[in-house]
J.: 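Could you have a look at this structure, given as C-alpha cells, before my questions?
The first residue of the sequence shown is numbered 1, and numbering continues consecutively from there.
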Amino acid sequence: ARLKRYADIIYEQYERLNDQVEKVLQIARIEEGNFELKREVVDLNGLLQPLVSATQMRLEERDGHFHYQLPEAGLRAYADPLHLTNILHNLLDNAIKYGLSNTPKIEMTPSVNDQRELSIFIRDFGPGIPVDLRERIFEKFYRQPTGDRHDVKGFGLGLYYVRQICKAHGWSISVQAADDDPGAIFHLTLPLTKAPIAQVSEPIA
C-alpha cells in the first residue's frame, strides 16, 4: 500500500510537470508569434462530457460536490478543440484548487443569449477574489495570495494561458464575485455557429 501511494504521488507530480511544460511551450509560441489555431466546428456537449466526468471523479475522491449542466445537444462553436479543452480544464482545476476546502464544491452552468453566444459560468465556493486582483490573476506568473496556506500549487501560468487563448479566438473571459456566498465565478463567452461538424478550416494564425 505504501509503494502504491508513492507511485501515485510520483505519477501525479509527473502529470503536473508535464502540464506546466506544455503551458510554457504554448505561451512561448504565442509570445513569439509562432502560434496557430487549428479551428474546426466543435460539438460543445461532446467536448465537455469527458471534462465533466474527470472533474466529478476528482471531487468525489475528496468528498466534494460538482453541480453542473451541459450545453444542450447540437450547440457548436468554431474553435481549436485542443485549446478549448485546455481552457475549460484550467478553469475547472482552478475552481477545485481555490475552493480551499477539504470538501470542495464547484458549479458549472451554460447559458445562451440572443446573440447566439454561449456563456459558461464556473463557480467555486472559496474566499473569492478581491476587486483589485481580478485583472491581475490573468497576468503571467501572478498567483493570488492565500494567507498562510501552502497547499495551492502552481506557477501562475494557467489563467495567463486561458486569457491568451481567449484573445487569440476573440472570446471573452472575466471573473466576478458571487452575489449570495463567498466564491468566484469565471465567465467564458464564445460565439456559436450553425455550420455542420464536418466543416473543418485551414489553420488560422
Side-chain angles (χ1 to χ4, degrees), residues 12-39 48 51 54-55 58 77 79-101 104-110 117-179 181-191 204-205:
E12 179 183 331
Q13 293 302 315
Y14 157 76
E15 287 286 304
R16 179 168 164 262
L17 180 60
N18 186 62
D19 181 56
Q20 296 297 340
V21 169
E22 183 60 28
K23 284 177 190 171
V24 170
L25 291 174
Q26 295 290 356
I27 288 168
R29 292 189 186 104
I30 292 170
E31 294 178 340
E32 292 174 4
N34 296 325
F35 177 70
E36 288 185 337
L37 292 176
K38 297 181 180 178
R39 302 195 206 196
L48 271 165
L51 283 170
T55 301
R58 288 182 63 193
D80 184 313
L82 172 64
H83 290 294
L84 176 54
T85 299
N86 288 345
I87 284 175
L88 293 166
H89 170 79
N90 272 281
L91 294 176
L92 290 166
D93 183 64
N94 199 68
I96 293 172
K97 288 194 298 186
Y98 284 92
L100 298 182
S101 169
K105 174 184 175 183
I106 65 175
E107 294 179 349
M108 185 184 75
T109 310
E117 294 176 322
L118 173 69
S119 289
I120 298 177
F121 300 91
I122 295 176
R123 173 182 178 177
D124 65 58
F125 287 78
I129 303 171
V131 175
D132 58 329
L133 299 183
R134 289 180 195 163
E135 279 300 309
R136 291 207 64 194
I137 62 171
F138 293 104
E139 295 175 5
K140 185 164 60 172
F141 301 127
Y142 181 80
R143 298 189 64 214
Q144 182 184 350
T146 55
D148 59 355
R149 297 181 64 105
H150 303 285
D151 56 346
V152 179
K153 299 178 176 63
F155 298 102
L157 291 173
L159 291 177
Y160 176 76
Y161 168 81
V162 167
R163 170 64 65 84
Q164 296 307 310
I165 297 299
C166 285
K167 281 183 177 179
H169 278 89
W171 302 340
S172 71
I173 181 71
S174 61
V175 63
Q176 62 200 60
D179 293 332
D181 285 301
I185 302 174
F186 283 83
H187 179 191
L188 169 67
T189 302
L190 59 157
I204 298 176

J.: In Å and rounded to the nearest 0.5 Å, what is the CZ to OG1 distance from Phe121 to Thr189?
T.: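 Between atom CZ of Phe121 and atom OG1 of Thr189 there are 6.5 Å.
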J.: What heavy-atom pair brings Phe186 and Phe138 nearest, and what distance separates the two atoms?
T.: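 Where Phe186 meets Phe138 most closely, the heavy atoms are CE2-CZ, 4.0 Å.
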J.: How long is the straight-line distance from OG1 of Thr55 back to CG of Leu92, given to the nearest 0.5 Å?
T.: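 Those atoms lie 4.0 Å apart.
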J.: So which heavy atom on Thr85 is nearest to which on Leu51, and how close?
T.: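 Shortest heavy-atom separation between Thr85 and Leu51 comes out as O-CD1, 3.9 Å.
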J.: Checking side chain to side chain contact (heavy atoms under 4.5 Å, CB included) for the pair Leu91/Leu159: CA distance, chi angles, key distance, verdict?
T.: CA-CA 8 Å; Leu91 294 176; Leu159 291 177; 4.0 Å; yes
J.: Between Asn86 and Tyr161, is the side-chain hydrogen bond (donor to acceptor under 3.5 Å, both in side chains) condition met? List the steps.
T.: CA-CA 9 Å; Asn86 288 345; Tyr161 168 81; 3.0 Å; yes
J.: What verdict does the side chain to side chain contact (heavy atoms under 4.5 Å, CB included) test give for Thr109 and Arg123, after you've listed the backbone C-alpha separation in whole Å, the side-chain angles of each residue and the deciding distance to 0.1 Å?
T.: CA-CA 9 Å; Thr109 310; Arg123 173 182 178 177; over 6 Å; no
J.: Return the minimal non-hydrogen interatomic distance between Ala95 and Asp124, and the atom names on each side.
T.: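 Closest approach of Ala95 to Asp124: O-CB, 3.6 Å.
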J.: State, to 0.1 Å, how close Gly158 and Asn90 come at their nearest heavy-atom pair, and which atoms those are.
T.: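 Nearest heavy atoms, Gly158 then Asn90: CA-OD1, 3.5 Å.
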J.: Measure across Phe125 and Glu107 and return the closest heavy-atom pair with its distance rounded to 0.1 Å.
T.: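 Scanning both residues completely, I find the closest heavy atoms to be CZ-OE2, 3.5 Å.
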J.: Over all heavy atoms of both residues, which pair between Pro191 and Ala77 is shortest? Give the atoms and the distance, please.
T.: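 Taking Pro191 first and Ala77 second, the nearest heavy atoms are O-CB, 3.8 Å.
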J.: Measuring from Lys167:NZ to Ser172:OG, what's the distance to the nearest 0.5 Å?
T.: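 Output value for this atom pair is 12.5 Å.
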J.: Measure the shortest side-chain to side-chain distance between Leu190 and His169 over non-hydrogen atoms and say whether it is less than 4.5 angstrom.
T.: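 Heavy-atom side-chain distance check fails, nothing below 4.5 Å.
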J.: Checking side chain to side chain contact (heavy atoms under 4.5 Å, CB included) for the pair Leu82/Lys38: CA distance, chi angles, key distance, verdict?
T.: CA-CA 9 Å; Leu82 172 64; Lys38 297 181 180 178; over 6 Å; no
J.: Looking at Ile173, Leu118, Val162, Ile122, which one forms a side chain to side chain contact (heavy atoms under 4.5 Å, CB included) with Leu188?
T.: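 The residue from Ile173, Leu118, Val162, Ile122 that satisfies side chain to side chain contact (heavy atoms under 4.5 Å, CB included) with Leu188 turns out to be Ile173.
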J.: Evaluate side chain to side chain contact (heavy atoms under 4.5 Å, CB included) for Leu48 paired with Met108, printing each intermediate quantity in order.
T.: CA-CA 11 Å; Leu48 271 165; Met108 185 184 75; 4.0 Å; yes
J.: Distance from His89 atom NE2 to Asn94 atom CG, nearest 0.5 Å?
T.: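 Between atom NE2 of His89 and atom CG of Asn94 there are 10.5 Å.
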J.: About how many Å separate CD1 of Ile165 and CG of Leu37, when rounded to the nearest 0.5 Å?
T.: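 Result: 6.5 Å between the selected atoms.
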